[in-house]
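Structure first, commentary second.
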Amino acid sequence: TYQWYRRLSGRDSLLATTGSEIHILNNWPTGTYRFFVKIADAGCVSLNSGELPVNVFALPIATVFPESIRKCEGQSFTLGTTSSGSGMTYQWTGPGVNTTMPSPVVNDARKGINDGNYILVVAQNGCFSKPDTARVTIDETPAAPTITGNSPVCEGGTLNLTCMPNTAAEYRWIAPGLDTTFLPENVNVVAKVTSDDAGNWKVIAILQGCVSKVSDPYLVQVRPYPRISPDVDTSLCQGDVLVLKATADLTDVDWTWIGPGMFNMFAQNTTGAPAVAGLYSVIAKTMVGACADTVDVNVVVQPPPKIDTL
């Protein structure tokens, strides 16, 4: 038989007597111990064996920090731990990661590739910790939007801007003067536009805090309305020729004169003979943008005087 002892100061402590040359000790607290064995056979006991010193170490604890990581596609993240100590080693495993670095960095994270559980096990003095887990979530980064709109727009009109795709939760519209507007939809309606609204518009899509690249610029042109100055003799005698003239502060405009009796002439200057009394309208419309202005003139035709007696 085998007699298993623990060496203590001043005395020895018998731990167990077995019929096997192997004896297993479980769950001993941290510390340094010395053990020896004696063999008993036919009533005789051997001398003490040589002593076996045993060091029992505490299990290291793996602690990940942070436990939860949330990033956007294209960003990097770091797997961290607060576990440290002399001689401690690390083992991280997870989607695309298998490393002994204590704080590995994952660059250019991709949804469906780098999201998931990352497990850390630490080792110290030959003892391995229980695993701890960091959960990584990768959110989709919206694609850079593309803007369409109704440019050119007449001054004072309505500018309608739309960007696609329309899958984001919020849109950051950037005006030519760098003013920023946040809207929940992919449509931006700007009423009563002025020359300040002319220039390059841009937009950024935002989804779950993830920000797209800035869109390509969309050029908005704001066209002014022509200002018309009619030149018409509004008081005529019966049988006179009506002369209709007008000027505008803009060039490259189309002209139309409209008057009584289905009078309709597509010219800047025109005539009517004989003159017909009534309301005449002159319309000037820009060839680009179709910005039109209208001015009315009232023409009065006096009948000739009547001679009653001679």
Check your understanding: Which value, rounded to the nearest 0.5 Å, describes the distance between Phe65 atom CZ and Ser103 atom OG?
Key -> 11.5 Å
**Study point:** Gap separating the CG atom of Asp293 from the OH atom of Tyr225, nearest 0.5 angstrom
**Key:** 9.0 Å
Do [X] and [Y] make a side-chain contact, defined as non-hydrogen atoms from C-beta onward lying under 4.5 Å apart?
X	Y	answer
Pro260	Tyr280	yes
Val189	Leu159	no
Thr100	Tyr90	no
Val203	Arg172	no
Val301	Val276	no
Thr162	Tyr218	no
Tyr2	Ile39	yes
Gln3	Val45	yes

Exercise for review: Using side chain to side chain donor-acceptor pair (under 3.5 Å) as the criterion, list what pairs up with Trp92, not counting sequence neighbours.
Suggested key: none
Measure from the side-chain N and O atoms of [X] to the backbone N and O of [Y], and report whether any donor-acceptor pair falls under 3.5 Å.
X	Y	answer
Thr286	Cys291	yes
Thr256	Ile283	no
Ser49	Phe36	no

Do we see a donor-acceptor contact under 3.5 Å between the side chains of [X] and [Y]?
X	Y	answer
Ser281	Asp296	yes
Trp4	Thr18	yes
Gln75	Asn107	no

Check your understanding: Partners of Thr167 by side-chain contact (heavy atoms from CB on, under 4.5 Å), sequence neighbours excluded?
Key -> Pro165
Exercise for review: Using the test salt bridge (Lys or Arg N to Asp or Glu O under 4.0 Å), find all partners of Asp108 that sit at least two apart in sequence or belong to another chain.
Suggested key: Arg110
Exercise for review: Identify, with sequence neighbours excluded, every residue that meets salt bridge (Lys or Arg N to Asp or Glu O under 4.0 Å) alongside Glu51.
Suggested key: Arg7, Arg34
Point to revise | Taking every non-hydrogen atom, the tightest pair across Ser212 and Thr141 | key: CA-CG2, 4.2 Å
Study note, to complete from the structure: Correct closest heavy-atom pair for Ile138 and Ala109 would be CD1-CB, 3.7 Å
For atom [atom1] of [X], decide whether the heavy atoms of other residues, nucleotides or ligands shown that lie under 6.0 angstrom number more than 12.
X	atom1	answer
Leu47	CG	no
Gln208	CD	yes
Leu14	CG	yes
Lys38	NZ	yes

Return each pair, listed once, that meets disulfide (SG to SG under 2.5 Å) where at least one residue sits in [range]; pairs must be two or more places apart or across chains.
range	answer
residues 82-114	none
residues 235-274	none
residues 7-47	none
residues 162-201	none

Report, one line per pair, each donor and acceptor closer than 3.5 Å where one atom sits in a side chain of residues 125-135; sequence neighbours left out.
{"from": "Ser129", "atom 1": "OG", "to": "Val122", "atom 2": "N", "distance (Å)": "3.0"}
{"from": "Ser129", "atom 1": "OG", "to": "Val122", "atom 2": "O", "distance (Å)": "3.3"}
{"from": "Asp132", "atom 1": "OD2", "to": "Val64", "atom 2": "N", "distance (Å)": "2.9"}

Revision key, fill the gap. Joining Ile, Leu, Val, Met, Phe, Trp and Tyr whenever any side-chain heavy atoms lie under 4.5 Å apart, the cluster holding Leu178 also takes in Ile174, Phe182, Ile204, Ile206, Val211, Val214
Return a table of donor-acceptor pairs under 3.5 angstrom between the side chains of residues 227-235 and protein atoms on other chains or two or more places apart.
{"from": "Asp233", "atom 1": "OD1", "to": "Ser235", "atom 2": "N", "distance (Å)": "3.3"}

Practice item. Can you run down the salt bridge (charged side-chain N to carboxylate O under 4.0 Å, His left out) pairs that involve residues 52-79, sequence neighbours left out, and say none if there aren't any? Key: Arg70-Asp139
